[in-house]
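Data first, discussion second: the structure below is written as structure tokens.
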Amino acid sequence: MSFVAVLLIAVGVSIDAFAVSVSGALCDRTGRKIRNAAWAALFFGGFQILMPLLGLAAAALLQNVVRTMDHWLAFALLGFVGGKMIFEGLRKEEEKAEKDGAEPCCPPDFFAPRALFLPAIATSLDALAVGAGLAFAGSGIWIPALAMGVVTAAASAIGVLIGVRLGSLAGERVMMVIGGCAIVLIGLKILLEHLGIL
């Protein structure tokens, strides 16, 4: 597999992780942007390395299922994460407003390790299909897997920093809702791609 092909695959599978990092940072008000960027890079990049290996292992057993179901699974998981962010953010805003009329409160720490598992899995499911495809093609998997991990880790960290900067330019209430909605829209994008509309 050529360098250009590996790079294109790596960039392609990193886009969703980048978008989720940006939207998560828009909602985050912990002020720990370096820590958040590091966790995002570790989780999103790590799962991009792990998933192709799982796809390789699953190829012999699942074959076509791996290729056809990854988008649907990603859509469902991202929809769940986005919906949960919106619900929790609006509920906390309502509670805080009732309590003391203060400024709205954003959702819990999006970049806490336990909170990153579902987004990391959802954004790396395409890499699962890549691993299965490479297995079917008889190509080597280590270089593409490492490339996907490194590119995604960098994209995720940059996404957090961009999201922090964008978040400082607008009100918390708007950013809180947009952050959750963005993840739902990413899932919709995956679905439309799968259906061949995009």
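Across every non-hydrogen atom of Ser14 and Val151, the tightest pair is OG-CG1, 3.8 Å.
Residues Ile141 and Ile9 fall within the same hydrophobic cluster, defined by Ile, Leu, Val, Met, Phe, Trp and Tyr side chains chained together at heavy-atom separations under 4.5 Å. Linking ILVMFWY side-chain heavy atoms closer than 4.5 Å, directly or via other members, places Trp142 and Val130 in a single hydrophobic cluster. No chain of hydrophobic side-chain contacts below 4.5 Å, direct or via other Ile, Leu, Val, Met, Phe, Trp or Tyr residues, connects Ile34 to Trp39. Residues Leu42 and Leu54 are members of one and the same hydrophobic cluster, defined by side-chain heavy-atom contacts under 4.5 angstrom among Ile, Leu, Val, Met, Phe, Trp and Tyr. Ile49 and Val11 are members of different hydrophobic clusters when ILVMFWY side chains are connected at heavy-atom separations under 4.5 Å.
At least one donor-acceptor pair closer than 3.5 Å links the side chain of Arg35 to the backbone N or O of Phe111. Looking at Gln48, its side chain never comes within 3.5 Å of a backbone N or O of Val150 through a donor-acceptor pair.
Taking the ring pair (Phe, Tyr, Trp, His ring centres under 6.0 Å) definition, one finds that Phe47 meets it with nothing, sequence neighbours left out.
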Would you please test Phe44 and Ser124 for side chain to side chain contact (heavy atoms under 4.5 Å, CB included) and show each step? CA-CA 7 Å; Phe44 292 134; Ser124 63; over 6 Å; no
Just do the side chain to side chain contact (heavy atoms under 4.5 Å, CB included) check on Thr123 and Phe43 with the steps written out, would you? CA-CA 10 Å; Thr123 57; Phe43 273 82; over 6 Å; no
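Taking 4.5 Å as the limit, every side-chain heavy atom of Phe3 sits out of range of all side-chain heavy atoms of Leu8. A heavy-atom distance below 4.5 Å is found between the side chains of Met51 and Ile121.
Annotation: the span from Leu7 atom CG to Met148 atom CE amounts to 12.0 Å, rounded to 0.5 Å. In this structure, CZ in Phe110 is found 10.0 Å from CG in Asn36, a value given to the nearest 0.5 Å.
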Could you pull out every donor-acceptor pair under 3.5 Å between side chains of residues 153-164 and any protein atom, sequence neighbours left out?
from   : atom 1 : to     : atom 2 : distance (Å)
Ser156 : OG     : Thr152 : O      : 2.8

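In this structure, Ile143 places its CD1 atom where only 12 or fewer heavy-atom neighbours from other residues, nucleotides or ligands lie under 6.0 Å away.
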